[in-house]
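What you see is a predicted model, and the numbers here were worked out from it, not measured in a lab.
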Amino acid sequence: MAVKEAVLPFGRFQGVDTILGPEMKSTGEVMGIDVNFARAFSKSQLAAYNHPLPTSGRVFVSVADRDKRHVIVYVQRLADFGFEILATEGTADILRRNGVEVTVVRKYSQGPGPDGEPTIVQRILDREIALVVNTPVGSGARSDGYEIRTAVVLRDIPSITTVNGLRAAVQAIVSEQTEEMQVKSLQEYGLDIARTRA
């Protein structure tokens with residue numbers, strides 16, 4: 001299985017939003033190849049971003065209403081594998097109602113809490129978050145999402161902006177936690193394929 005990933009230059013341009021649009025241009029492409037999708041996707045992310053997907057830590061989740069029900073199973077899977085889940089109030093509510101243990105964090109637009117509770121952007125800047133899942137919609141959410149995605153780029157933290165991306169990342173994270181990554185040359189993969197066809 002081979003997974004191709006575009007390399008986008010977000011780190012070189014301060015303040016650029018990482019939501020993909022038609023005017024964006026990649027600076028290259030990488031490929032992850034392995035015996036299954038999860039392992040190939042994991043390698044593609046490592047090649048594109050110079051660090052693997054996290055296998056522990058805190059995951060922040062804030063998704064648009066249209067995505068809330070679709071992310072539950074994947075967020076639960078991360079929790080089952082030991083990740084601590086943090087979410088904004090609306091996302092946290094639906095996760096809790098579906099049995100996911102979650103901690104509510106303040107949005108950027110809410111500012112710090114009365115007792116100094118930090119916003120999610122401050123937590124990202126303080127490197128308290130290992131992975132961000134954010135699918136924004138609407139002008140207020142877009143503003144919060146923009147600040148989150150900007151902080152993620154500054155701190156070089158993996159960020160996911162679609163449900164399909166989350167599904168792939170969870171498969172890769174589970175694979176990383178349960179199997180050791182193997183490295184082979186393209187020629188070795190070619191020999192393996194030839195052997196299976198013989």
Side-chain angles (χ1 to χ4, degrees), residues 1-11 17-22 24-88 91 94-95 98-100 102 120 124 129-137 145 148-149 151-153 155-184 186 189 192-193:
M1 178 71 64
V3 174
K4 183 172 75 169
E5 178 69 86
V7 178
L8 296 159
F10 297 128
D17 198 345
T18 59
I19 291 291
L20 297 179
M24 292 184 171
K25 291 187 167 89
S26 71
T27 55
E29 296 171 334
V30 295
M31 179 179 69
I33 186 168
D34 212 309
V35 296
N36 62 41
F37 172 78
R39 289 166 62 176
F41 183 82
S42 180
K43 286 180 177 180
S44 75
Q45 300 309 289
L46 176 59
Y49 303 109
N50 271 339
H51 52 74
L53 290 166
T55 54
S56 63
R58 291 185 179 119
V59 175
F60 168 69
V61 184
S62 181
V63 295
D65 288 343
R66 69 176 183 271
D67 297 326
K68 284 181 170 58
R69 293 217 171 269
H70 302 288
V71 301
I72 294 166
V73 67
Y74 308 117
V75 175
Q76 180 63 66
R77 189 97 164 115
L78 290 171
D80 291 344
F81 272 83
F83 285 89
E84 181 183 349
I85 308 300
L86 283 68
T88 50
T91 302
I94 198 150
L95 290 173
N98 286 275
V100 180
V102 61
I120 186 54
I124 291 167
I129 308 297
L131 177 68
V132 169
V133 180
N134 179 243
T135 65
V137 67
I148 289 165
R149 292 184 301 273
V152 162
V153 169
R155 292 297 183 254
D156 198 24
I157 295 170
S159 175
I160 298 165
T161 59
T162 66
V163 175
N164 287 335
L166 176 59
R167 179 177 60 228
V170 168
Q171 289 176 23
I173 288 167
V174 169
S175 175
E176 287 178 17
Q177 284 191 340
T178 57
E179 305 171 43
E180 188 174 331
M181 186 179 287
Q182 307 257 327
V183 178
K184 291 183 180 183
L186 285 173
Y189 279 112
D192 290 346
I193 291 168

Please report the shortest heavy-atom distance between Ile129 and Ile157, naming the atom on each side. O-CD1, 3.5 Å
Euclidean distance, Ile148 CD1 relative to Thr161 OG1, rounded to 0.5 Å: 12.5 Å
Show the nearest heavy-atom pair for residues Ser44 and Val30, with the distance to one decimal. O-CG2, 3.7 Å
With side-chain contact (heavy atoms from CB on, under 4.5 Å) as the test, would you mind laying out the steps for Glu5 and Gln45 before giving the verdict? CA-CA 7 Å; Glu5 178 69 86; Gln45 300 309 289; 2.6 Å; yes
For Leu53 against Pro158, the heavy-atom pair lying closest together: CD2-CB, 4.2 Å
Thr135 (side chain) donor-acceptor with Ala64 (main chain) under 3.5 angstrom: yes
How many angstroms lie between OG1 in Thr55 and CG in Leu131, if you round to the nearest 0.5 Å? 11.5 Å
If we only count heavy atoms from C-beta on, is the Val152 to Ile124 side-chain gap below 4.5 Å? yes
Using 0.5 Å steps for rounding, measure from the CG atom of Leu78 to the CZ atom of Arg58. 15.0 Å
Neighbour count >12 (heavy atoms, 6.0 Å) for atom CZ, Arg69: no
Note, Phe81 side chain near Val170 side chain (heavy atom, < 4.5 Å): no
Within a strict 4.5 Å, meaning less than it, do heavy atoms of the Val133 and Phe60 side chains meet? no
Would Asp80 and Arg77 satisfy salt bridge (charged side-chain N to carboxylate O under 4.0 Å, His left out), going step by step from the backbone distance to the final call? CA-CA 5 Å; Asp80 291 344; Arg77 189 97 164 115; 5.5 Å; no
Counting N and O atoms only, with roles assigned by atom type, does the side chain of Lys43 sit under 3.5 Å from a partner on the main chain of Ile33, one being a donor and the other an acceptor? yes
Report yes if the side chains of Met1 and Val35 come closer than 4.5 Å at any heavy-atom pair, otherwise no. no
Tell me the closest heavy-atom pair linking Arg39 and Glu180, and the distance in Å. NH2-O, 4.4 Å
Which value, rounded to the nearest 0.5 Å, describes the distance between Ser62 atom OG and Leu86 atom CG? 11.5 Å
Could you tell me the separation between the NZ atom of Lys4 and the CE atom of Met31, rounded to the nearest 0.5 Å? 10.5 Å
Counting distance only, does the side-chain N/O of Thr178 pair as donor-acceptor with the main-chain N or O of Val174 below 3.5 Å? yes
Indicate whether the side chain of Glu176 and that of Ser42 have a donor and an acceptor atom separated by less than 3.5 Å. yes
What are the two closest non-hydrogen atoms of Thr91 and Lys68, and how far apart are they? N-CE, 3.6 Å
Return the minimal non-hydrogen interatomic distance between Gly165 and Ile160, and the atom names on each side. C-CG2, 3.6 Å
With no hydrogens and no angle check, is any side-chain donor or acceptor of Asn98 less than 3.5 Å from a backbone partner on Ile72? no
Reported CZ-to-CD distance for the pair Phe41 and Gln171, which is rounded to 0.5 angstrom: 9.0 Å
